[in-house]
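Order of listing sets the numbers, starting from 1, for every ligand and every atom in it. Position 1 is the first residue of the sequence, and the numbers go up from there.
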Amino acid sequence: NKEYRCLSAHSHCVDVTDDRTSKHVGYRCKCSSGFQGNPYLEGGCTDINECLQPDKYTCNGICQNSLGSFTCFSCPRGTGVTIGLSSGAGILFLAVITIIIIHRWKKGIQKQLKKRYFRKNKGILLEQLVSSDPSASDSTKIFSLEELEKATNYFDHSRVVGRGGHGTVYKGILMDQRVVAIKRAKLVASAEIDQFINEVAILSQINHRNVVKLHGCCLESEVPLLVYEFISSGTLYDLLNGAQDGRLLPMPWEERLRIATEIAGALTYLHSAASMSILHRDIKSMNVLLNDSHTAKVSDFGASRSIPIDQTHLVTAVQGTFGYLDPEYYHTGRLTEKSDVYSFGVILVELLMRKKPLIENENGEKQNLSNYFLWAMGERPLEEIVDKQVLQEQDMEAIKHVAFLARECLNLRGQKRPSMKDVEMRLQFLRARKVAPGKDEVVRSHRDVGGGDWHGGVVPAA
Ligand SMILES: *[C@@H]1O[C@H](CO)[C@@H](O)[C@H](O)[C@H]1NC(C)=O
Ligand SMILES: *[C@@H]1O[C@H](CO)[C@@H](O)[C@H](O)[C@H]1NC(C)=O
């Protein structure tokens, strides 16, 4: 028998077999794994320092050689945490930088946009101002978007005081503690923007105690924002119909007459302002605001137009509110001051009857108040038509005059309607007669001043 030939420590023998016959043919010596050298010599197999051959023995951490093997502390604890931390911080840092850059970029874009909107909006605005009246008052202030955002707590929902057909109205408090109403368009359609700009152009020329005051506007947002004086006591519609809490407060005849006179005064002013006649085009009780002492303030000039005095304007798109719309204007598209007179007539009827502009008649059908009123005037005694509270005050004479006046305003033919100036004068006369002690005396003095006859259907020329 052969002696054991694998002399070296850390060596062993392996069987050798014939490749073809798979028969055992002998054995061979081999250094154990982790060792290298000559296994047939004593001490021939020596340790491999794996750490010196990183390409052969991979270790991503700290390598420590041992006899026949090596240990790799793949990620020593402290280092790991540090590396984790520093790479985390790196990512965070990058993120922050990115956010800052994006923010700057966005801000830049916003600034650009603001500038662009401003230029665009102001362009239209100036065009309109110049085209309508070169001497337009420049007291209208241009507000910055930031100012209005602060005033409304970034257009917070809790600040919404009204939603109209044209936009949302927010209550705002300016830096100087002035309370304002800020109107923002609902849609971003350019037609809406034009309406807003139109309103600025028109209102900036108006200064009347019965027209809501425009403080200014903001042109930096996509839709221009309009800043008005804040009118605190709701609309005439709310007062008449108890829309705020469903309760109908008593409305003395005196007050109804005063409000009617105030609205008529505002419209007279609008119709005869300077060389241009401003047509409101959307007169309705919802567009008449009331302040704390119930002084009427005509608002919402979005649909208004200024046209040269004594001219008829042909418009393509008929605008207005159902129930108030002048039928003649509706059918012909011909716009004159008399369309506002018609709408005012509807308000007079509302004040007389204390009914909504669209009512259910005796047969349960929906009908507009104006048509019902005209029909009832021919069929019924006035006492059955007008509001009960008005009747109790027993000024039947004045009530009759207002009812006749309303009927004249609602004449289907615009030409036959009185002018707003006539209407205002007749209302003012009625008010004066009410407070004056002697009826005849007042009539005489009125005649002296106006030179007209207030009784008949014919209206004195002013
Ligand atoms: C209501 O408006 C009128 C006209 O602008 C003003 O004289 C009056 O002081 C206002 N009332 C209140 C309570 O603010
Ligand atoms: C009143 O109603 C009739 C039919 O319902 C309509 O033809 C007319 O245009 C309306 N008038 C106004 C002023 O809305």
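The pair K355-D387 does not meet the salt-bridge criterion, since no charged nitrogen lies less than 4.0 angstrom from a carboxylate oxygen. A salt bridge links R258 with E262; the closest basic N to acidic carboxylate O contact falls under 4.0 Å. A salt bridge does not link K421 with E424: every distance from a Lys NZ or Arg NE/NH1/NH2 to an Asp or Glu carboxylate oxygen is 4.0 Å or more.
F155 and Y170 have perpendicular rings, their planes meeting at more than 60° on a 0 to 90° scale where under 30° would count as parallel.
Taking E229 as the reference, V212, K213, H215, I231, K297 meet the side-chain contact (heavy atoms from CB on, under 4.5 Å) condition, with sequence neighbours excluded.
For ligand 1, the protein residues placed under 4.0 Å by at least one non-hydrogen atom are R209, N291, D292, S293, T295, K297.
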Exercise. Which is it for E408 and R426 under the side chain to side chain contact (heavy atoms under 4.5 Å, CB included) test, yes or no, and what are the steps along the way?
Worked result: CA-CA 12 Å; E408 280 179 59; R426 282 154 76 176; 2.7 Å; yes
